[in-house]
Structures are given as structure tokens and as C-alpha cells.
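Taking it in order: structure first as C-alpha cells, then the write-up.
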Protein chains: 2
Amino acid sequence: MREPSETRILSVASEHLRQHGLRRFTVVAVAEEAGMTHANVYRYFPSRAALVDAVVDVWLKATERRLADIADGPDPADDKLERLILALARANRDLLAEEPHLFAALSQAVAKRHAISRRNRTRVRALFERVIDEGIASGAFEPRDRDRAIAFVIDATHRFIHPAALELEADVPQASVDARLSTLIRVALRVLGTGIV
Amino acid sequence: MREPSETRILSVASEHLRQHGLRRFTVVAVAEEAGMTHANVYRYFPSRAALVDAVVDVWLKATERRLADIADGPDPADDKLERLILALARANRDLLAEEPHLFAALSQAVAKRHAISRRNRTRVRALFERVIDEGIASGAFEPRDRDRAIAFVIDATHRFIHPAALELEADVPQASVDARLSTLIRVALRVLGTGIV
DNA sequence: GCAATGACAATCTTCAAAATTTGTAATTTG
DNA sequence: CAAATTACAAATTTTGAAGATTGTCATTGC
């Protein structure tokens, strides 16, 4: 049985973006490889930009699901916050290493504030808020100001999470980045736990 | 009395870069406005890139001097570290707001790891190290691991200092950025003071 | 009536020639 | 002799025409 057109276009587009990059990604080529004329692609995606965003969004949503699994788990909030930060940092860093073209498309979507990236950011932030609130409810975290505490965690970890920041460290040995990130996480957890923020 | 050629070229180049940006900055135009042929510019600067870097370097060095004044002051180390971070963050943020073309040139020099930016980074980092070491010597800071503590401060403040990170927040109200930065600084000082890092 | 196509205008990219700019070196000027 | 210029090759940018891609829509086919 034949794959429905929409998913088929999306998977061909994903391959094309990964292999050839944004610059050489064309609706005509995707359509041809999906066995249809380019006009038909526009039945499913309103524009080339929307198709690219859809490809990036598949990755973002998959990453979000893994983060939500962590946030929904039964573990203590401080454990979950640590794993949340680590998982997000690693997901982005691994994408940079393994799928540079897809990473570049994500990076652009973030830089140009596309809807997909703004919405992803909102949802990921909500996961962080949930876990921190859970930690406050359980007494694991005792920040003096909840909103400030959340902003602190996001600002302090920015360097290890944001695509623009990760690009700068692409050539730093992974072990060294890992060590610094683990220091930062340890500090952030202590800061949340001891009412410093 | 007529300004010597080298400084004259440099000041005309600075004006051109600020007004027209990197893209439209040409050695020919700078030379003409400085009242000479372009070949003569090459007596003083080995290439267009070197001239651009020299302009950026003037700004970097001026900023460094202000930071060094803070680091050399008689105040307690924790005060000085706070002022160091604030001064560096504000210098870069003000440059983005007031001289976007010069900021863009700096941003590129950093992204492409030009010698001027690598050396600036090394010297600014040395100032941070000096102040933190001073704080350790005076007992104001008691980190468990000096190098980790320094890395922590630099990583945590990255978002408010690095050009690539500042570009992302150009449209966030200054007051909100200031509030977050001041939280981050307060936390970092407490962290250094209480052996958390 | 839903999926797909062919035909088309508008936009964007490519390519090659022309123009400009970068960079070098021999020569001039004060 | 130090500062600057003229003259020139190499590299880069601009320009404009040809070609390709994007996006729309009326029409076809099942």
C-alpha cells in the first residue's frame, strides 16, 4: 500500500534538506522524487518555507516528546530538571554534529523567529516551569521568586542550549563542554534548593 | 597641523564602517576621503580586512581599558566582579543599539575568530581571573575549584555578553534584560562566596 | 469531489561580461 | 629617504539577460 502524499512529501523533503541543505532544497526536486508535479505539493504545504518548517518541526516535536517524557516521569523534580537540561543540550548538540544541514535550518528558524520555533520555545519553557513548580511544591526547590528562578535557569543554561551558542563551540572537545555543563547544572540545582534566587 | 596619515586613515575608516557597514566599506573610498590614493593606504594597513579589524580593535581596546580600570580599583573583589560583568554587558549592548554596523563587524570578527577578537577574549578573561583570584585571596570567594568557578561565571553570563547572544535579544525591553542580568550576577556572587562551585 | 496536472506570471537564481576593488611594485615627489 | 603616486594584474562585485523555481488557478481524471 502506497504512502499517503502528505507524509511522503514530508519524508522526501526531510531527506533533501538533510542531504543538500536549505540553499539547494527545491520544491520541484522534492516533488519529482515524490513522484508528482510540484503544483501538487502546494495542495499540502502552502509554500516552500512552510515545507522546510514542517521538516524542522518534525524534529522539534520528537525532541519535545522526549523532554515531556522526562518532565512527566515519577522522579524527584531536581533529577528531572537536570535530565531536562541535559537532554535538550544534547539533542541540539547532536543535531549539529550529525545533521548539520537540518541544524542550520533550525538555527535560521530560531534566528528569524518562525512560528514553529516560537511555539517550541513556549512549550519547552512550560516543561521547565512545570518541573520547577513541582520542585517548589515538593519542597525540593525554595526560590524566593519563582519567575526569577525560572529566568535564571534559562539564562544560565543558554550557552549550552541555544543553536547560535552551540555553533560557537562546535570545535571544543565534547568532554570539556560536558564538564562545564555539568558544573552549571549542579550549581543551578543548589541555587534553586537553597533560596539563593 | 595635519593629522598623520595612519591615524587619519583609521578615523576615516571608522566613520565609513559606522555609516555604511562592512559590505559597502571600500579601501578606495576611505583613501579618497582621507585625501590620498588607495595604494598609499597599503603602506599603513596590509589589507582591507586588517583595516576593518583595526577599527574594531580601537573599540575593543577602549572597552578593555574601562574594564581594566574596574579590575585595578581598590574596591572589594565581589563589587569589582559585578561591575566588570555589567560594564562588559552594557558596552556590547550599547554598541548594538548605537552603532549597529560596528557591532556587526565585531560580531563577525568574533564568529570568524579573528586574531583581534581572540586576543581581546584572552585579555578580558585574564581580568575576570584576576578579580576572582583576588576574591579568593581576600576570602570573599571560596570556590571548591578555581578553574571551574571561572568557567561557571563566564558560561552563566554568556547570554548577556556574547555578541551572538545579544543580537537575539535586541528587541527585548532593556529593563527586563537588566533585571535578569542583575539576578544572574547576584546569584553568581553568592555561588562564589559560599563554595557551591 | 478529491488528487493531481498543465499552463502561466512573478520571483529568484545562475552565468558571463563589464566594472570595480584589492593588492603589488616600480616610479615620482618633496 | 619617507610619503605618495601611477600603473597594472588578480580577485571580487555588479549588471543584465537567460533560465529555473515559486506560487496560482483552471482543468483533467478517477
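Source: prediction; values computed, not measured. Just so we're on the same page: letters track the sequence lines, and every chain starts at 1.
Side-chain atoms of B/Tyr42 lie closest to C/dT22 of the nucleotides D/dT22, C/dT22, D/dA3. Taking only side-chain atoms of A/Ala39, from C-beta outward, the nucleotide of C/dA4, C/dG6, D/dA4 with the closest atom is C/dG6. Nearest to the side-chain atoms of A/His38 among the listed nucleotides D/dT6, C/dT24, D/dT24 stands D/dT24. Closest to the side chain of A/Arg23, from the set C/dT22, C/dT14, D/dA2, is C/dT14. For B/Thr26, taking side-chain heavy atoms from C-beta onward, the closest of the listed nucleotides C/dT5, C/dT22, D/dG23 is C/dT22. Distances were taken from every side-chain heavy atom of A/Thr37 (C-beta onward) to each of D/dA4, D/dG23, C/dG6; the shortest belongs to C/dG6. Of the listed nucleotides (C/dT22, C/dT5, D/dG23), C/dT5 has the atom at the smallest distance from the side chain of A/Asn40.
In this structure, B/Ile9 places its CD1 atom 13 Å from P of C/dT22, rounding to the nearest Å. We find that CE of B/Met36 is positioned 15 Å from P of C/dT22, with the value rounded to whole Å. In this structure, the CD atom of B/Glu32 is 13 Å from the P atom of C/dT22, given to the nearest Å. The distance from atom CZ of A/Arg24 to atom P of C/dT14 is 10 Å, rounded to the nearest whole Å. Taking atom CZ of A/Arg43 as the reference point, atom P of C/dG1 lies 13 Å away to the nearest angstrom. Spacing between atom CG of B/Leu22 and atom P of D/dT13 amounts to 12 Å, rounded to whole angstrom units. If you take CD of A/Glu6 and C1' of C/dA4, they are 15 Å apart, rounded to a whole angstrom. With rounding to whole Å, A/Glu33 atom CD is found 15 Å from D/dT21 atom P.
Taken to the nearest 0.5 Å, the CD1 atom of A/Ile132 stands 8.5 Å off from the CZ atom of A/Arg125. Distance check, rounded to the nearest 0.5 Å: CG of B/Asp94 to CZ of B/Phe103 gives 11.0 Å.
Backbone-only engagement by A/Arg48 is indicated by non-hydrogen atom pairs under 4.0 Å involving sugar-phosphate atoms exclusively. Nucleic acid contact class of A/Val27 (heavy atoms, under 4.0 Å, all strands): sugar-phosphate only. At a threshold of 4.0 angstrom between heavy atoms, the contacts of A/Phe45 with the nucleic acid are absent.
Legend: residues meeting side-chain hydrogen bond (donor to acceptor under 3.5 Å, both in side chains) with B/Arg123, ordered by chain and number and at least two apart, are B/Glu64.
Side chain to side chain, A/Arg118 and A/Thr122 fail the donor-acceptor criterion of an N or O pair below 3.5 Å. Between the side chains of A/Ser182 and A/Arg186, not a single donor N or O lies within less than 3.5 Å of an accepting N or O.
Close to D/dA4, at under 4.0 Å from its OP1 or OP2, lies a side-chain N or O of B/Ser5.
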